[in-house]
Amino acid sequence: MKAILVDAEKNLVWSDVETPAIRPDEVLVKIHAAALNRADLLQREGKYPPPAGCPEWMGLEIAGEIVETGGEVPRWKVGDRVCALLGGGGYAEYAAVKYDMLMPVPKGLTMEEASALPEAYATSYLNLFLEGHLEKGQTAFIPAGASGLASVAIPMAKAFGARVITSVLSDEIAEKIKDLGADVIINSGKECVEKVLENEEKNGMPVNVSMDCLSGEALGKSLPFMARGGYWIVISTLAGVETKVLLRPLLTKGLHLVGSMLRNRTPEFKAYLLFELVKNVWPKIENGEIRPTIYKVFPIEQAQDAHAVLERSENVGKVVLKVCGDE
């Protein structure tokens with residue numbers, strides 16, 4: 001089969017590799033589409049190695065069709081349309097996937113749309129609801145509103161009855177993400193995020209949960225204006241790895257500053273998380289309350305062009321690689 005490998009100059013090359021052999025508790029998925037994540041860019045640069053036992057090539061989320069099953073695989077059969085969460089190996093024609101990392105493709109979705117579900121939806125659900133304990137009527141702050149992750153997290157939070165604040169870099173980007181449904185869009189190019197959050201608190205609508213991929217200085221400046229008992233979940237540090245945290249509001253408000261990564265969770269926890277997704281989120285996808293936002297689809301041979309879109313932060317929504325036709 002073929003997969004995308006990284007050469008010595010960090011170029012992405014569609015190359016011949018061995019087709020994976022499945023274990024008794026795995027299935028072989030013929031990949032129709034694979035979605036991109038910023039972790040792929042880090043892995044390409046050698047800064048985010050795949051977990052032990054995973055293929056060397058990138059790809060954390062896929063959609064496709066089961067073409068072979070092991071002898072210890074409950075529920076799934078050849079021909080099932082599935083999407084899957086991977087430790088790596090999605091930029092390829094086939095992937096070996098443990099049966100409990102599979103989810104059915106929601107009714108009404110294309111393979112390209114389904115490929116954008118596993119990593120982004122699992123990350124959003126984990127951090128908003130399991131780590132952040134977000135409830136109906138509360139306020140969530142989800143910065144970087146034009147990111148692929150925010151394109152999932154904002155509609156998800158809204159579908160569960162939350163109020164959402166997000167931030168972007170310009171009025172132009174703010175206009176592009178209006179359809180995501182955020183209640184407040186902060187233009188951080190001309191507004192201080194912490195000042196807006198301070199005003200929200202004064203108006204009786206403080207942030208209960210933040211799912212923060214930016215971090216940096218704004219984190220420490222914003223934390224004091226959270227609701228009592230609020231959860232600030234750090235999932236990445238794209239805006240910087242240092243901040244100054246005032247401990248007094250952390251203490252008096254009983255705030256929670258939490259670091260969270262999906263990749264280092266146990267296989268058992270990931271299986272539980274995917275089960276919760278299918279039970280609680282898939283019905284909202286199938287009835288149209290939530291829909292994945294696809295920015296652009298590239299043939300997998302153009303993976304390098306697809307990466308460039310993420311590198312330029314050009315996309316509003318997910319970028320997807322098409323491997324083969326849906327049928």
Side-chain angles (χ1 to χ4, degrees), residues 38-39 119-145 147 149-150 152-167 182-184 186 188 192-266 268-277 280-281:
R38 288 202 171 272
E119 173 75 12
Y121 276 65
T123 297
S124 297
Y125 190 84
L126 164 65
N127 294 300
L128 290 174
F129 300 106
L130 301 185
E131 292 286 6
H133 307 279
L134 183 64
E135 298 178 3
K136 183 178 181 179
Q138 291 187 335
T139 296
F141 175 47
I142 304 169
S147 67
L149 186 58
V152 169
I154 293 171
M156 184 183 292
K158 293 294 294 180
F160 282 89
R163 180 173 174 269
V164 176
I165 303 170
T166 190
S167 63
D183 299 274
V184 178
I186 304 169
S188 62
C192 290
V193 170
E194 64 271 17
K195 291 296 183 182
V196 176
L197 298 187
E198 181 180 13
N199 288 333
E200 291 291 313
E201 183 187 35
K202 288 177 180 177
N203 292 329
M205 294 180 287
V207 171
N208 301 94
V209 179
S210 176
M211 190 181 84
D212 188 4
C213 66
L214 298 179
S215 302
E217 289 186 11
L219 191 166
K221 293 177 179 178
S222 302
L223 198 67
F225 307 115
M226 293 197 78
R228 180 175 297 277
Y231 289 81
W232 196 288
I233 315 299
V234 176
I235 65 170
S236 190
T237 56
L238 297 176
V241 298
E242 293 184 354
T243 195
K244 180 179 179 180
V245 174
L246 297 177
L247 297 179
R248 193 65 185 170
L250 192 77
L251 175 65
T252 58
K253 286 188 170 182
L255 302 178
H256 304 79
L257 180 58
V258 181
S260 176
M261 292 180 67
L262 177 59
R263 193 166 203 172
N264 62 11
R265 305 292 176 131
T266 65
E268 293 77 15
F269 180 85
K270 289 180 181 178
Y272 163 74
L273 176 58
L274 298 190
F275 175 82
E276 289 292 301
L277 266 185
N280 297 321
V281 177

**Study point:** Stepwise side chain to side chain contact (heavy atoms under 4.5 Å, CB included) check, K158 with D183
**Key:** CA-CA 9 Å; K158 293 294 294 180; D183 299 274; 2.9 Å; yes
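- For the pair L134/M211, no side-chain contact is recorded, criterion being any heavy-atom separation below 4.5 Å from C-beta on.
- Note that the NZ atom of K202 and the CG atom of N199 stand 6.0 Å from one another [nearest 0.5 Å].
- Atom CE of M156 sits about 9.5 Å away from atom OG1 of T123, to the nearest 0.5 Å.
- Screening T166, L197, V164 for a side chain to side chain contact (heavy atoms under 4.5 Å, CB included) involving F141 leaves a single residue, L197.
- For the atom pair L247 CG and L255 CG, the distance stands at 11.0 Å (nearest 0.5 Å).
- Between Y231 and E131, every side-chain heavy-atom pair lies at or beyond the 4.5 Å cut-off.
- Between W232 and L219, some side-chain heavy-atom pair lies under the 4.5 Å cut-off.
- Within the 4.5 Å cutoff, the side chain of R38 has heavy atoms near those of the L238 side chain.
- Judged by distance alone, the side chain of N208 and the main-chain N or O of T139 form a donor-acceptor pair under 3.5 Å.
- Across every non-hydrogen atom of A150 and P143, the tightest pair is CB-O, 4.3 Å.
- Between A122 and L274 the shortest heavy-atom distance is CB-CD2, 4.3 Å.
- At most 12 non-hydrogen atoms from other residues, nucleotides or ligands lie less than 6.0 angstrom from CD of E217.
- Other residues, nucleotides and ligands contribute only 12 or fewer heavy atoms inside 6.0 Å of the CZ atom of F275.
- Residues K253 and P224 approach most closely at NZ-O, 2.7 Å, considering heavy atoms.
- Put simply, the side chain of N280 reaches to within 4.5 Å of the side chain of Y125, judged on heavy atoms.
- Interatomic distance, T252 OG1 to R228 CZ, rounded to the nearest 0.5 Å: 6.5 Å.
- A distance of 4.0 Å separates CZ in R163 from CE in M205, rounded to the nearest 0.5 Å.
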Exercise for review: Show your reasoning for whether side chain to side chain contact (heavy atoms under 4.5 Å, CB included) applies to L257 and V234.
Suggested key: CA-CA 8 Å; L257 180 58; V234 176; 4.0 Å; yes
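- Across I154 and A182, no two heavy atoms sit closer than the pair CG2-N, 3.8 Å.
- A 4.5 Å side-chain heavy-atom check between L126 and I235 finds every atom pair outside the cut-off.
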Check your understanding: Between F225 and E194, does a side chain to side chain contact (heavy atoms under 4.5 Å, CB included) hold up when you go through it step by step?
Key -> CA-CA 8 Å; F225 307 115; E194 64 271 17; 4.3 Å; yes
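- For A120 against L149, the heavy-atom pair with the smallest separation is O-CD1, 3.5 Å.
- A donor-acceptor pair shorter than 3.5 Å can be found between the side chains of S260 and R265.
- Although no hydrogens or angles enter the test, the distance criterion places a donor-acceptor pair under 3.5 Å between the side chain of K270 and the main chain of R263.
- For the pair T243 (side chain) and G216 (backbone), a donor-acceptor distance under 3.5 Å is present.
- The backbone N or O of A239 lies less than 3.5 Å from no partner atom in the side chain of S215, so there is not a single donor-acceptor pair.
- In this structure, H133 NE2 and L128 CG are separated by 12.0 Å, a value rounded to the nearest 0.5 Å.
- When all heavy atoms of V193 and S222 are compared, the pair lying nearest together is CG1-OG, 4.0 Å.
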Point to revise | Candidate pair Y272 and L130, rule side chain to side chain contact (heavy atoms under 4.5 Å, CB included), full reasoning | key: CA-CA 11 Å; Y272 163 74; L130 301 185; 4.2 Å; yes
